[in-house]
Amino acid sequence: MSLPLRILLPGLLFGGLAFLALRMDAEGGPSRQLAFALLTGAALGIVLQRARFCFLCNLRDLVEARDPRGVLSILAALAAGLVGYFVIFGMWLPVPAADRLPPTAHIGPVSAALAIGALAFGVGMAIAGSCISAHIYRLGEGNLASVFALGGAFIGFILGFLSWNNLFLADLATGPVIWLPHHLGYAGALAVSLTALAALALLALWYGRATPAQPVHQAGAGAALKSLLVTRWPPIVGGVLVGVIGTFAYLRFAPLGVTSQLGSWARKAASNAQVLPDTLYSLDTFRGCATAIGEALLSPNGYLISGLVLGSLAAALASGQFALAVPSLGQIARNVVGGILMGWGAMIALGCTIGVLLSGIQAGALAGWVFLVVCTTGAVITLFVRRRLSA
Amino acid sequence: MSLKSWLGGAVLALSASVPALAADGPLVSADWVQKNLDNPKVRIFEVSVDPGVYERGHIPGAVNIRWHTDLVDPVRRDIASEENFEKLLGAAGVDKDTTIVLYGDNNNWFAAWGAWIFDVYGQGDRVKLLDGGRKLWEAKGLPLDSSVPSHKETKVDVPAADTSLRARFPDVLKVAEGEDKATKLVDIRGPKEFSGEILAPEGIKELSVRAGHIPTAVNFPWGKAVNEDGTFKSKEDLQKAFAEIGIDGKQPVITYCRIGERSSHTWFALAKILGYDVKNYDGSWTEYGNAVGVPITNLAGTVWQGK
């Protein structure tokens with residue numbers, strides 16, 4: 001793509017986003033929040049694209065190429081968000097009393113169903129090449145294969161709704177909601193979580209090889225612009241930014257999550273087609289990525305996702321990384337299968353790598369840690385099997 | 001903001017430029033609240049039902065009341081116990097001479113429920129509702145704060161619950177069966193719930209296995225009592241609107257809805273603004289519509305089929 005286009009197109013996109021957001025803001029009332037969600041999504045899309053913040057790719061970099069930077073990026077996002085969330089908690093809920101939870105934070109129940117969902121998600125993302133959030137930002141990079149992964153996730157969600165009542169009665173109903181500050185206090189929960197993240201960082205560094213030193217950028221506006229718009233952002237910077245954006249999102253409207261709108265559409269479609277049971281037991285009372293059917297076409301989460309795709313698109317265009325990639329049949333099949341597993345897992349676990357792993361751990365939820373461990377295990381094993389099969 | 005509501009706001013601002021604390025009547029304007037934010041003799045309470053609304057920003061200094069646990073008994077279906085209610089006021093530092101202002105999300109429905117509970121526990125005329133509630137405060141772009149205030153605890157002693165403000169099932173049944181001919185029932189649900197065409201409003205789970213309304217009730221959808229911006233209509237307009245359905249203050253009234261919160265809003269208009277003799281029936285249609293062997297008026301004839 002020519003240089004003028006690489007400047008013009010993102011400029012037009014940002015202009016359009018700004019126009020939309022200002023118009024919604026001027027409407028006042030609930031639209032103000034939607035405008036904020038749209039812009040938060042755009043910011044997230046830019047950061048995910050520029051830092052290549054993708055759970056599976058980062059994990060694969062470490063496991064297969066022994067490059068620890070991506071995993072450190074995820075750990076930085078968790079650490080930054082933890083601090084941000086706890087700053088907010090201290091204000092909203094000065095004492096973490098036993099019968100109270102901070103409002104809307106993704107603190108879900110810990111259950112065998114959560115572990116099974118996380119496992120399915122981990123296997124699914126290793127088959128589909130990335131998790132749901134990464135497929136969403138890849139849409140913005142022109143990766144058409146992601147459409148199939150998201151379509152698969154849509155089907156997976158419907159399958160999840162169909163299995164929900166049985167899993168709820170068998171296990172989920174009695175799964176304890178474990179919020180670390182209830183047991184350790186704010187200081188204790190923060191200290192334990194940060195220590196665990198530090199331990200994981202040391203593990204990643206120990207396993208990984210030393211990475212080549214980043215080239216020292218030359219001074220000057222051109223070089224600065226290049227490192228901003230073209231070169232991959234330093235992973236730690238990207239991670240910290242994801243943590244900061246997550247904190248802002250929680251402060252202003254809701255914890256970050258990327259499956260709420262998708263799940264809600266799937267639920268609406270399935271419910272209109274009359275394949276869903278009339279009642280999904282207690283589903284809408286759990287903390288996590290809510291899938292309740294809304295009246296409006298787009299929920300706040302829908303605005304976040306729209307912003308995410310547009311932000312990523314603008315960033316990809318500016319960096320010259322936008323390329324319409326037509327997938328092969330094999331790729332389509334893998335993405336659909338992986339997508340179904342991810343959709344099913346995200347439905348059962350009440351969120352994905354963003355909604356449960358990121359927003360859960362940041363909120364001090366044990367469920368987030370369970371998701372982290374099980375999902376990573378599932379993904380690593382699947383990556384290993386895939387390598388063996390293709391060898 | 002339209003010119004009309006801007007003018008309305010300006011008029012309000014002018015009329016409220018009297019010294020702080022001169023709040024006669026049951027309503028206070030957003031302007032009045034703004035002027036009294038630092039007044040130690042005014043305590044503001046937010047009664048919102050949506051989670052996270054209060055925490056993400058409330059009127060500066062406002063104390064949070066959680067409707068589902070603070071104003072009702074979380075186990076039996078009942079209003080909060082006297083003891084818990086006293087604790088709630090004490091923790092908020094309410095004194096004998098404190099003016100209490102309530103407001104909330106969802107058109108002030110649950111704040112009005114709160115005002116009713118405050119009245120049941122004898123708090124009387126010192127309890128005010130912020131006219132227009134949270135919606136108007138936000139629409140005007142007035143400041144919000146997200147820190148939780150801490151107040152010096154006080155010892156509060158409230159009188160026993162005044163049962164004359166609360167209609168119970170037998171009271172309502174007496175009216176329905178014609179034993180009590182004096183009392184008028186006002187059903188403030190939507191016309192389609194009233195007629196029995198639907199069992200519950202859109203997006204709400206059906207909670208009654210019968211459709212329709214309590215015999216002799218007249219329908220007055222709660223929204224008819226408010227202006228477009230959510231503020232109550234003027235006393236004169238309210239008087240006229242209620243007179244049209246035969247409610248003129250000469251006979252006792254019982255208001256009800258589905259679970260008793262929207263009817264608190266109408267209770268507030270009738271009892272507090274117009275000064276009529278009104279009870280709120282908090283059992284409402286979810287109690288009456290499930291009761292066995294009671295008369296029902298079901299104009300649409302909808303039969304409950306468990307779906």
Side-chain angles (χ1 to χ4, degrees), chain A residues 25-34 36-37 85 87-107 247-255 264 267-268 271 274 276-288 290 292-296 299-300 363, chain B residues 1-2 5-6 9 46 48-58 60 62-70 74-75 84 87 91 105-107 132-142 144-151 199-207 228-230 304-307:
Chain A
D25 190 62
E27 271 175 42
S31 300
R32 277 191 200 128
Q33 206 190 42
L34 298 181
F36 188 83
Y85 265 65
V87 167
I88 296 173
F89 287 164
M91 185 168 65
W92 287 0
L93 197 66
V95 180
D99 57 339
R100 297 246 153 103
L101 284 177
T104 69
H106 287 183
I107 306 163
T247 305
F248 287 168
Y250 179 53
L251 181 65
R252 289 290 297 274
F253 62 103
S264 168
R267 188 162 160 189
K268 189 164 190 174
S271 149
Q274 302 194 326
L276 284 197
D278 280 347
T279 308
L280 295 166
Y281 301 130
S282 296
L283 174 57
D284 297 329
T285 63
F286 282 116
R287 296 293 192 85
I293 300 172
E295 281 171 31
S299 62
Chain B
M1 193 186 284
S2 74
S5 59
W6 184 85
E46 171 157 344
S48 286
V49 278
D50 292 340
V53 167
Y54 170 88
E55 286 82 356
R56 290 200 170 83
H58 45 260
V63 175
N64 192 18
I65 293 186
R66 296 162 187 86
W67 185 79
H68 290 289
T69 48
D70 293 341
V75 180
N84 285 349
K87 262 192 226 153
D105 63 357
N106 276 297
N107 309 299
R134 203 184 153 97
K135 202 168 120 194
L136 186 67
W137 187 272
E138 281 181 8
K140 285 173 168 253
L142 295 173
L144 295 168
D145 187 352
S146 63
S147 59
V148 179
S150 61
H151 297 290
L199 283 148
E202 173 66 26
I204 305 272
K205 282 207 182 260
E206 127 209 332
L207 286 174
E228 210 160 298
D229 64 356
W304 176 75
Q305 300 183 48
K307 281 181 182 164

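By convention in this document, chain letters (A, B, ...) are assigned in the order of the sequence lines, proteins followed by strands, and residues within each chain are numbered from 1. All values derive from a computational prediction rather than experimental measurement. Atom set for the values below is all heavy atoms of this structure, side chains included, hydrogens, waters and symmetry mates excluded.
Residues of residues 89-102 of chain A lying under 4.5 angstrom from chain B, judged on non-hydrogen atoms, are A:Met91, A:Trp92, A:Pro94, A:Arg100 by number.
Within a 6.0 Å radius of CZ in A:Phe286, other residues, nucleotides and ligands contribute more than 12 heavy atoms.
Proximity to chain B (any heavy atom under 4.5 Å) is restricted, for A:Arg252, to the backbone atoms N, CA, C and O.
Residues passing the side-chain hydrogen bond (donor to acceptor under 3.5 Å, both in side chains) test with A:Ser264: none are found, sequence neighbours excluded.
The shortest heavy-atom contact between B:Pro51 and A:Pro103 is C-CB, 4.2 Å.
In this structure, the side chain of B:Arg56 engages the main chain of A:Tyr250 through a donor-acceptor pair within 3.5 Å.
Expressed to the nearest 0.5 Å, how far CG of A:Leu251 lies from OG of B:Ser146 amounts to 6.0 Å.
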